[in-house]
Amino acid sequence: MDETVAEFIKRTILKIPISEMMTVLKAWNFLPENQLQTINFRQRKESVIQHLLLLCEEKCASINDAALLDIVCTQVHRHKKIWDVFRMSKEPGDDVDLFDMNQFKSSFKKVLQRALKNVTVSFRETEENEVWIRVAWGTHYTKPQQYKPTYVVYYPQTPYVFTSSRLTRNITLLGQALTIASKHHEIVKMDLRSRYLDSLKAIAFQQYNQVFEIHNSTLPLQERRLALDSRIIHENRVEKERVQRITQESFGDYPQPQLEFAQYKLETKFKSDVNGGILAERKEPLRCLIKFSSPHLLDALKSLAPAGIADAPLSPLLTCIPKKKMNYFKIRDK
Amino acid sequence: MEPANTLRRDRDKGGVLAHLERLETRVNRSHKQSEELQRAQAAENALGTKIHKLRYLRDKLRAEVKHRQVSRKVKASIANVEPDQIVDTSGKEVLERKLENVKATLQAYRFTGISAKLTSRGVCVCINTAFEGNLLESYFVDLVIQKPLWIHQHSVPIFIPLEEIAAKYLQTDIQHFLFSLCEYLNAYSGRKYQADRLQSDFAAFLTGPLQRNSLCNLLSFTYKLDPRDQSSPFCARLLYKDLTTTLPADVTVTYQGTEALSTSMEEQRASHETLFCTKPLHQVFASFARKGEELDTSLAS
């Protein structure tokens with residue numbers, strides 16, 4: 001086993017907490033079950049790693065096997081990366097997408113290898129019609145840099161692609177490879193970014209709620225009343241119910257997809273009722289960046305009006321985030 | 001003696017007036033008490049009569065009910081019918097029966113393929129797919145009726161081109177949108193059903209894994225008519241170019257082996273190509289299975 005491969009495997013395993021190690025190794029499916037049983041996970045981590053490296057050495061692990069291990073680790077800790085969303089489109093007259101996985105993989109690899117010669121491309125398909133792609137970038141003259149790979153999550157026969165945003169130089173090449181391999185025409189970056197890949201998927205595919213009203217449903221979704229504790233008298237009951245109703249219409253009853261921030265770049269002229277003031281008389285638009293952050297932004301926005309902090313209805317700029325599939329906005333004067 | 005008398009007189013005087021006052025209040029009190037007593041008694045009497053009246057009414061109603069039951073039984077025995085089957089003109093039972101009918105009708109709408117329910121902001125459409133008489137998956141689309149019409153949420157699989165269909169028809173012709181979506185979903189369900197059946201029921205014929213994609217519109221597999229056969233398998237590749245159909249438009253069956261194909265094998269190959277184009281996948285393999293059985297029985301006999 002190559003020294004670089006051994007080092008790479010060692011560093012990858014080092015990042016896995018002991019509690020998750022068995023799950024990851026089983027998912028990797030490189031070392032057989034009986035060998036995994038022989039490992040004592042109670043000892044110090046260094047000893048566990050030594051044992052694992054020995055087993056990998058015996059089985060002659062290659063860089064591709066190591067890359068697959070890296071993919072499995074990233075899948076388990078997907079929220080440690082920030083994901084961008086891209087959207088591909090076809091020409092209107094294009095043929096129906098007869099997606100062939102093998103053809104896609106070979107085509108994707110070919111485009112990258114033709115351009116850069118030294119790349120490590122690995123694929124891992126999961127159950128839910130998704131394929132994870134790992135690309136370690138090299139050049140014609142340098143070996144691939146295994147410690148700064150790019151991950152791509154693609155759902156075949158859909159237009160959306162999710163990439164771990166570490167791309168600087170190779171973004172166009174990656175876009176090319178994806179469009180050519182998946183037989184699309186164009187790829188465009190969306191203004192949507194988050195750590196939570198599953199939430200991004202829910203927003204992109206508009207599937208954040210799977211509970212639907214059907215005619216024999218016994219849940220009366222409309223009959224929401226304020227918590228009727230008889231010891232509490234709500235003074236503004238009518239107003240409170242109005243706020244509840246509007247919040248429910250804007251956000252729905254279901255759990256919101258998880259985003260950490262929304263960013264608004266303003267390039268508008270400052271409007272003020274009060275005459276005068278330093279800001280009011282500028283001819284150029286005011287440049288201003290507003291960023292809302294939260295561990296769960298949409299939940300926080302949903303609770304603003306019921307908590308009395310903001311008026312209902314909230315600004316459409318805030319409520320349109322899942323519908324427009326954006327959390328980066330540029331606002332200019334019309 | 002005088003001072004004692006005057007003293008007594010004084011006490012008595014103050015005492016007399018006070019005494020008179022005391023007597024007055026005593027009388028007033030006793031008047032009040034007797035009044036209250038009278039009032040209570042009157043109320044008691046009134047309640048008593050009320051109780052009597054109510055009891056009388058209750059007894060009357062009980063008698064009435066008994067009378068009616070008896071008369072109904074009598075009528076039933078005359079008409080030779082169970083008492084329960086007599087049409088009861090009471091409104092409640094009629095309403096209940098109507099409600100049951102409506103509920104059953106609504107449930108039966110599932111079988112038409114499309115049903116819908118009004119929501120607070122629009123309508124939630126439920127598309128129930130089916131293939132060859134088998135009821136398959138259901139999908140929902142929640143539409144918000146505003147200008148412009150938009151899809152709030154849905155359970156359509158991500159690889160069905162919902163956005164495309166919506167872009168074409170949603171604003172101009174909702175019916176067309178729904179029927180088009182229905183076509184796509186039913187066709188997808190049908191193709192998926194065929195692929196699933198092939199994998200589960202006819203795995204014995206396959207010599208390798210079935211390769212399929214999300215839309216089940218490209219299927220690739222290798223198969224042998226007779227698993228015990230030593231010859232090379234056939235390789236079939238089915239392309240469903242039209243996403244609204246459940247039969248492939250393009251089928252290629254090739255022979256995997258290096259040796260040349262005998263004429264009978266060539267005929268088989270060509271006939272298989274036609275079969276896959278014209279009949280659903282699992283039915284083709286079912287016919288292979290039947291032919292195999294016939295061959296076995298004819299050989300055995």
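Reminder, nothing fancy here: chain letters follow the sequence lines and each chain counts from 1. Here the structure is a predicted model, which means the values were calculated and not measured.
Residues B/Gln153 and A/Gln207 fail the side-chain proximity criterion, which asks for heavy atoms closer than 4.5 Å.
With a 6.0 Å radius and a threshold of 12 heavy atoms from other residues, nucleotides or ligands, A/Lys110 has its NZ atom at or below the threshold. Heavy atoms from other residues, nucleotides or ligands lying under 6.0 Å from CD of B/Gln146 number more than 12. Sparse packing is recorded around CD of B/Glu164, with 12 or fewer heavy atoms of other residues, nucleotides or ligands lying under 6.0 Å away. The neighbour count for A/Lys90 NZ, taken as heavy atoms of other residues, nucleotides or ligands under 6.0 Å away, is above 12.
Partners of B/Glu267 by side chain to side chain contact (heavy atoms under 4.5 Å, CB included), not counting sequence neighbours: none found. Residues satisfying the ring pair (Phe, Tyr, Trp, His ring centres under 6.0 Å) test with A/His79, not counting sequence neighbours, are none.
What you find for A/Phe205 and B/His154 is that their closest heavy atoms are O-NE2, 3.1 Å.
Residues of residues 184-215 of chain B that come closer than 4.5 Å to chain A, counting heavy atoms only, are B/Gln211, B/Asn213, B/Ser214, B/Leu215, ordered by residue number. Proximity to chain A at a heavy-atom threshold of 4.5 Å picks out B/Lys241, B/Leu243 from residues 241-254 of chain B, in numerical order.
Contacts with chain A were tallied for B/Leu218, B/Leu239, B/Ile151, B/Asn217; B/Asn217 has the most, counting heavy-atom pairs under 4.5 Å.
Salt bridge B/Glu163/A/Arg87: present, at least one basic N to carboxylate O contact under 4.0 Å.
Rounded to the nearest 0.5 Å, atoms CG (B/Leu162) and CD (A/Gln206) are 7.5 Å apart.
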Determine, step by step, whether B/Arg237 and A/Asp100 satisfy the side chain to side chain contact (heavy atoms under 4.5 Å, CB included) criterion, reporting the C-alpha distance in whole Å, the side-chain angles of both residues, the deciding distance to 0.1 Å, and the verdict. CA-CA 11 Å; B/Arg237 196 174 160 86; A/Asp100 185 340; 3.3 Å; yes
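Using a 4.5 Å cut-off between heavy atoms, A/Asn102 touches chain B through its side chain atoms alone. Only the side chain of A/Tyr155 comes within less than 4.5 Å of a heavy atom in chain B; its backbone stays farther off.
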